[in-house]
Amino acid sequence: MAIAALAFALTAPAQADTLVDNVNGITLDQNGELVRFTGLVIDKDGKVKELLDRKDKRPERPDFKEDGKGRTLIPGLIDAHGHVMGLGFQLMLLDLSETRSLAEAQAAIRQYAAENPEMPWIIGRGWNQEKWGLGRFPTAADLDAAVPNRPVWLERIDGHAGWANSAAMAAAKISTASKSPEGGRIEMEGGKPSGVFVDAAMSLIDGAKPKPLARDLDRALLLAQAKLIEQGVTAIADMGTTIEDWQAYRRAGDKKQLAVRILSYGGDIDNMAMIAGPEPTPWLYDDRLRMVGVKLYLDGALGSRGAWLKAPYADAPGQKGLPLLTPAQLRNKMVRASMDKFQVAIHAIGDAANAEALDAIADLTTDLPGERRWRIEHAQVIDPADIARFASLKVVASMQPVHQTSDRTMAEARLGPGRLTGAYAWRSLEKAGARLAFGSDVPVESANPFAGLAVAISRTDAAGQPFGGWRPEEAVGRETALDGFTRTAAFAAYAEDRIGTLMPGMRADFLILDSDPMLASPDEIRRMAPLETWIGGYRYYKKNEAGTGGR
């Protein structure tokens, strides 16, 4: 969908009562039970007015009627953890996520630089030395071979490491005397910075690169929305919103160009306080935007060996990863946010980080009465002894199924076979009584929620590998998978009173599909794509159309 078409679509007026009939309707109710229906009545406010069974009487004169032609209708899918502006800039800037070797990446970088001679810096993301089979981090010399005369700064696929060429390091005044900051690591080679900066060390280069202009942010937001709507994502928890991001969301909302519902978590305490002030914001723009909480980083990622582990990495015996906050810093931030009723979401990937997050939650739960709805983001590697604590402490496990297939061989190398029991342990968490909210971590992975649904129930990748699934005992059932991308994804952001199901009174956010995900094979689910995407009772996307000028 073109930007102009999207902008036009978002300004179209709402209509009165609508009947979407002749559908294979599927939703979960407030208790997570599967409900089927054949017709949906939407009121003038864009909310579900009534679900109709085959025998129920239809409204005689709806203002608008849509024939579903027997196709499947499901709730709009909610990404419980993503980065909206990261997706937008991925669509605008250099994207290396599909490159399969260092040489292929160098060719892409060289071509992009040639096609964009006016750019003072070449900026992008998506590189992955594991996917390249490189056996090491790339270096500044590798980048210099592609672009020697302009600064180049490229974030790793997980956003937890960056790769700079010599010109970028010179612009940032990086030298042999530069020191790794707390919570970060400058990779060294031959006594000199190699060109890779891990976690907090990325700020050394980030501070030198040009800042995007407001118009760049606005364009990125429109691109991100168009992509999300096309993929069937009607709401997303934006993890790490900055003041600049929020201003872009507000500008879009003021111009009636905010379609996707953004559930915002400030990027640390400073952004939270600057954006929302003394308490979470109210819902804005017809339930399109709300800042509900704060995102805190406790460790890095497995791919860059920044995830904080209890025992050393199997493939790097001297390293355990990087705790990014001290115990006191973590608790102080949690108290600061919670006292003002902001929800806390803690990024924890390694087993040591997850244990520390749970310890902090246990310490504060008795001192901070009321429902806090603590979230741990990723929860990728958990000591099996800690799994039951998610349930006992009522922690939402906010996880991204597609990480399991992307990370499988790397996780095996990083952890070794003896430490995989608590890795990507969705079923174990569910059995323990924890609630699972599912997302994508876009742009680390594609925002496509159907890939996530397929992986959740199969533990296999796009090629169907490994046969039978990787640690298949951790797969979840179809209803749990759907719940993770709908009802619990809404619950995880205090939005369960308005989105996540299609029960009466809820926002009419839904998708029209050509097959039933509750019956289709994992491969068929992976290949699904919405034929139509509706938000608030209005059709924003129809496949093979440039835009929609009305319902």
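FYI, side chains are in, hydrogens and waters are out, and symmetry mates aren't considered; it's all heavy atoms of this structure. Predicted, not measured: the structure shown is a model, and the values here were computed from it. Counting begins at 1 with the first residue of the sequence.
The pair K310-D383 meets the salt-bridge criterion, with a side-chain N (NZ, NE, NH1 or NH2) lying under 4.0 Å from an Asp/Glu carboxylate O. Note on R414 versus E130: salt bridge recorded, some NZ/NE/NH1/NH2 to OD/OE distance being below 4.0 Å.
No hydrogens or angles considered: nothing links the side chains of W308 and N354 as a donor-acceptor pair under 3.5 Å. Defined by atom type and a distance below 3.5 Å, a donor-acceptor pair is missing between the side-chain atoms of T501 and R487. Judged purely by distance below 3.5 Å, without hydrogens or angles, the side chains of D95 and S97 pair a donor atom with an acceptor atom. Between the side chains of W132 and T99, at least one donor N or O sits under 3.5 Å from an acceptor N or O. Checked by atom type, the side-chain pair D245/T242 shows a donor-acceptor distance below 3.5 Å.
Not less than 6.0 angstrom separates the ring centroid of W153 from the ring centroid of W121.
Counting only distance, with no hydrogens or angles, the side chain of S458 and the backbone of A454 share a donor-acceptor pair below 3.5 Å. Under the 3.5 Å distance criterion, the side-chain polar atoms of R408 are left unmatched by any main-chain donor or acceptor of H403.
Across H83, H81, H160, a single residue satisfies ring pair (Phe, Tyr, Trp, His ring centres under 6.0 Å) together with H347, and that is H160.
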For R427 and E430: C-alpha separation, side-chain torsions, deciding distance, then whether salt bridge (charged side-chain N to carboxylate O under 4.0 Å, His left out) applies.
CA-CA 5 Å; R427 178 65 177 142; E430 182 189 23; 3.0 Å; yes
List the steps and the verdict of salt bridge (charged side-chain N to carboxylate O under 4.0 Å, His left out) for R331 and D359.
CA-CA 10 Å; R331 287 158 176 78; D359 286 345; 5.3 Å; no
Start with the C-alpha gap between D268 and K295, add the side-chain angles, then the distance that decides, and say whether salt bridge (charged side-chain N to carboxylate O under 4.0 Å, His left out) holds.
CA-CA 6 Å; D268 218 311; K295 163 80 174 298; over 6 Å; no
